[in-house]
Amino acid sequence: AKDDVKIMAETHIDREASLKLVDKFRKEGHNAVASPAIGSDKGKSAGMLMVVNKKFDAEFLQTGADGLATNPRIIAAAIKC
């Protein structure tokens, strides 16, 4: 993971897969949060992932300690550069 900031939309992954991605990026020296996709009769919709290198002062808004946001379409962050 070479980029300092990554934002991925439409991940279409569930809660467990989102937690695994958050854990993976945290182990690689990043702060990470995700919002799991929501289910429908046609599959999963939405879901997001945001990753910021720990060298930046980033504060993720409306996320739990586990790194999950409740809104499947919005992740908010305040980053001081």
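Position 1 is the first residue of the sequence, and the numbers go up from there.
- A pairwise comparison of heavy atoms in G67 and V22 identifies O-CG2, 3.9 Å as the closest pair.
- Scanning all heavy atoms of the two residues, the minimum distance from K55 to D4 falls at CE-OD1, 3.3 Å.
- No donor-acceptor pair closer than 3.5 Å links the side chain of S35 to the backbone N or O of A69.
- When hydrophobic clusters are built by joining Ile, Leu, Val, Met, Phe, Trp and Tyr residues whose side-chain heavy atoms come closer than 4.5 Å, directly or via intermediates, I38 is not grouped with I13.
- The existence of a salt bridge linking E28 and K24 is confirmed by a sub-4.0 Å separation between a basic side-chain nitrogen and an acidic carboxylate oxygen.
- Minimum interatomic distance between T11 and L49 (heavy atoms only, all atoms of both residues): CG2-N, 4.1 Å.
- Of all heavy-atom pairs spanning V51 and M8, the tightest one is CG2-CE, 4.5 Å.
- Atom CD of Q62 sits in a sparse spot, with 12 or fewer heavy atoms from other residues, nucleotides or ligands closer than 6.0 Å.
- Transitive grouping of hydrophobic side chains (ILVMFWY, heavy atoms separated by less than 4.5 Å) keeps L61 and I75 in distinct clusters.
- The shortest heavy-atom contact between H12 and K44 is ND1-O, 2.7 Å.
- Put simply, NZ on K54 and NE2 on H30 are 10.0 Å apart, with the number rounded to the nearest 0.5 Å.
- Contact between A46 and P72 at its shortest, heavy atoms only, is CB-O, 3.3 Å.
- Under the 4.5 Å side-chain contact rule for hydrophobic residues, F56 and I7 share a cluster.
- In this structure, I74 is not a member of the same hydrophobic cluster as F60, with clusters built from ILVMFWY side-chain heavy atoms closer than 4.5 Å.
- Shown here is K20, whose NZ atom has no more than 12 heavy atoms of other residues, nucleotides or ligands within 6.0 Å.
- When side chains are defined from C-beta on, R73 counts as touching S45, because their heavy atoms get closer than 4.5 Å.
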